[in-house]
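Position 1 is the first residue of the sequence, and the numbers go up from there.
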Amino acid sequence: SQSLRPIPVSERLPGPGDCDERGRCWWYDMRRWQLAGPMEDSEEYMNVLAACFSHWLPAHALPIPATTPAGQEGADG
């Protein structure tokens, strides 16, 4: 099996096959991994990514957490 290797932002940025259906992938900011997106195809946006994050992973590399919108717990009764 192939080991998971974070991809440096300086090496390449995510492409369409790296993101989930909402355009998100995993980003590392020297403290934690976070699921963020969608990707934008602009030089300014790419410069911001390079300044804020050191590495990224495809969306499928880590489990995507199930979240419940705030205030929705027990809304059914």
Side-chain donor-acceptor distances from residues 47-64 under 3.5 Å, at least two apart:
{"residue": "N47", "atom": "ND2", "partner": "E43", "partner atom": "O", "Å": "3.3"}
{"residue": "W56", "atom": "NE1", "partner": "R12", "partner atom": "O", "Å": "2.7"}

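In this structure, CG on D20 lies 10.0 Å from CH2 on W26, to the nearest 0.5 angstrom. Remark: L13 CG to I7 CD1 distance equals 10.0 Å, nearest 0.5 Å.
In this structure, R31 pairs ionically with D29, as a charged nitrogen and a carboxylate oxygen lie closer than 4.0 Å.
With a 4.5 Å cut-off on side-chain heavy atoms, Y28 and P8 do not count as touching.
Surrounding CD of E44 are at most 12 heavy atoms belonging to other residues, nucleotides or ligands under 6.0 Å away.
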